[in-house]
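Lettering of chains follows the sequences in order, A, B, ..., and the numbering in each one begins at 1. None of the values given here were measured: they were computed from a predicted structure.
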4 protein chains.
Amino acid sequence: MPRPRSEKIRQSVLAAMRRALAAEGYEAVTIEGLAAEAEVSKQTIYRWWPSKAAILGEALLEGALPGAADPVPATADLSADLRAWFTAVSDGLAQPEGLAVARALIAVTTADPALGAALNERFAGPIAAGIVERIDTARAAGDVRADVDATVLAEQFIAVASYEALLGRPLDRDRVEAVVGIVLRGIAAG
Amino acid sequence: MPRPRSEKIRQSVLAAMRRALAAEGYEAVTIEGLAAEAEVSKQTIYRWWPSKAAILGEALLEGALPGAADPVPATADLSADLRAWFTAVSDGLAQPEGLAVARALIAVTTADPALGAALNERFAGPIAAGIVERIDTARAAGDVRADVDATVLAEQFIAVASYEALLGRPLDRDRVEAVVGIVLRGIAAG
Amino acid sequence: MPRPRSEKIRQSVLAAMRRALAAEGYEAVTIEGLAAEAEVSKQTIYRWWPSKAAILGEALLEGALPGAADPVPATADLSADLRAWFTAVSDGLAQPEGLAVARALIAVTTADPALGAALNERFAGPIAAGIVERIDTARAAGDVRADVDATVLAEQFIAVASYEALLGRPLDRDRVEAVVGIVLRGIAAG
Amino acid sequence: MPRPRSEKIRQSVLAAMRRALAAEGYEAVTIEGLAAEAEVSKQTIYRWWPSKAAILGEALLEGALPGAADPVPATADLSADLRAWFTAVSDGLAQPEGLAVARALIAVTTADPALGAALNERFAGPIAAGIVERIDTARAAGDVRADVDATVLAEQFIAVASYEALLGRPLDRDRVEAVVGIVLRGIAAG
DNA sequence: GGATAATCGAGACGGTACGTCGAGTCTTTCC
DNA sequence: GGAAAGACTCGACGTACCGTCTCGATTATCC
């Protein structure tokens, strides 16, 4: 009997969050401002989301996520694949929205580590999984040493990307090359 | 001619910042709370520091900084040296204060990228320099490939440490081992 | 649609103002103190009143006002009537609250002449009107000279009362007698 | 042996007070502003004056005081004399500085009745004395009834002037005429 | 002609209040 | 019952003056 939650409202709040994120940065976003921007009452926001961070999480889940949208290619050439993928990620972080989103994710995590960890799991998890899978394929093909921990490696890429986003200093071609080069040699089969 | 600035007050504010950081996290720190904790008037804080972040910066410059206090050893064994250093850094981030400080640094950077970059330069810079120096020594000794960019490598370590601090998931022995292992093989001479 | 303004809060702020006025005097009244005393948030006060003076004005409009409560009697004896009325006014100013209110009115006026003039119009106006009316009646009865400006006369009484309130030196019987005596003779019909 | 108090400084503070009074009104005057304006240190002000009001008092004692500078004329015509004097007083209150000074006096009194009473005694006293003297002369000449209390009468004039200053509505020719007319008839000998 | 002692400028300092902002919660009315 | 509108409490913001407190640096006097 009760009136169902309005999907339109939900979308307009998430959209407002995405816009605000790019425009002012996560810390500067206020629930009040979001409500005004989305033409929704504060109460409605508080009814459906427990925190600003939760809105961010939902907004990211539904919007384009830099990195998430970049699946690791799987040609026969591991080196070229990683290079291509990492380049795509860097390009994503070079876009204003991509940078804003990544930073927002970092900001949330410093404020609420538990939630941050959950969000991270949600977003970085699949990315890491993609890399691990690609490495495993390469290992099966004999291109990668048997004792390499693919998880550690995936995290290394993610850490570098995250750090560069934090500093707002996206990696250029050369640095991508250098990072991939070092790591690849580190894991290449004897 | 006027009464000189009180060094005692300065120290007590910085100490209050360090205590608050460990106890509540950077975002939860309040100028008002700081003033109360340091038994100093708000006005005095506003007179000498332009922002919460500036206090943090100064507090870090004068207090123990995790990582900064850990110089890279320089024995004949590059592998052992990096392992020892990175272990020390990880241990620093496993301490509550070390973790709090690192997270605070990250939080500041998301809120004010320019200032964050400056602080980062100030703190991460010397650390990176230490690593670069160690690598160069190793290169001179023929242990490292000539074409390796030591700067990229240093940043890789810092990025990993930073990312782990962000997630509050300090590296254990095995992960340190894995990271150093991969990187080392990646740069090892022929 | 929104929740309506709370009348209870409004009353409790006005009451706090009246209490504070009598206890400490207008200048010593603080918005912060008012909020605490009325158990209301500062924000709520700022939402509804633009200034301390505005609260005072409203408080007076609704509370007992010395002088306002004393209508000019209208027996056949003009002299007795004015004497009785002016005695009542003096008695009002001899009460602590009456004195506090009168002084507050004066204090507001020195700080914000425009507002003060408005308040004065609001409070002194009706009083003056009462006197003017009584004089006109007397004039019709042939007790007062035709050329007397009743307005000037009314203001003379009010000015004396105001001045005595300012100095906190309420008029005693004899002075009331003297003032009324002089004025009455001055206006008596030939 | 010690260096004596600087008269120059004293004067410059008093001058600053007079200027500030006319420019912003008594309540808006701050010790800090006074110090800046007079190019004197706060400490020096606090050394020599216990309060803002004390500075005002001293400034008035030495500066031109409206009314104080207007002695009651003493020709043979009491009516003309009072008219002339009260006109002069009204004119003084019509000047910006005169008005500012009178209002400042009133403001001080509402804030600190005791000090206000003292200042009033100091300033209004001589004026009242002048009127009383003139009335007494007139009485001796048989122009004024024997039973008239000259003090009450003097205060009546002062009260009217004060009230008009408070409201910032200086008396014009006609009102001066009306006030003096009523009072004079009220005290005229049989 | 120094020594000396209070004056003075500058401004640091602990307070108190200012007026504003946003976080969350609550209440009313409309749909 | 969902939603808009906005009243309400709370806590922090950054600012302005208050009155007190050091600090040199600067004079007048008096030996």
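With sequence neighbours left out, the side chain to side chain contact (heavy atoms under 4.5 Å, CB included) criterion links C:Thr109 to C:Asn120, D:Leu166, D:Leu167.
Taking the charged nitrogens against the carboxylate oxygens, C:Arg10 and C:Glu62 do have a contact shorter than 4.0 Å, which makes a salt bridge. Salt bridge C:Glu97/C:Arg18: absent, no basic N to carboxylate O contact under 4.0 Å.
Where B:Thr30 and B:Pro2 each meet DNA chain F at their nearest nucleotide, the meeting point lying more 5' is that of B:Thr30. For the pair D:Ile9 and A:Ile31, both in contact range of DNA chain E, the more 5′-proximal nearest nucleotide belongs to D:Ile9.
Note: CZ (D:Arg10) to P (E:dC8) measures 12 Å, nearest angstrom. Counting to the nearest Å, the C1' atom of E:dC21 and the CD atom of A:Glu27 are 17 Å from each other. Nucleotide E:dG15 holds its P atom 8 Å from the CD atom of B:Glu39, rounded to whole Å. For C:Glu32 and F:dC18, the CD to P distance is 18 Å, given to the nearest whole Å. The distance from atom CD of B:Glu7 to atom P of F:dC23 is 14 Å, rounded to the nearest whole Å.
Looking at heavy atoms from C-beta onward, A:Ile31 lies in side-chain contact with A:Ile55 at the 4.5 angstrom threshold.
Not a single donor-acceptor pair under 3.5 Å links the side chain of C:Lys52 to the backbone N or O of C:Val108.
Contact annotation: side chain of C:Arg3 to base of F:dA7, donor-acceptor pair present below 3.5 Å.
A distance of 11.0 Å separates OG of A:Ser41 from OH of A:Tyr46, quoted to the nearest 0.5 Å.
Using a 4.0 Å cut-off on heavy atoms, the residues of residues 42-56 of chain C that approach DNA chain F are C:Gln43, C:Thr44, C:Arg47, C:Trp48, listed by number.
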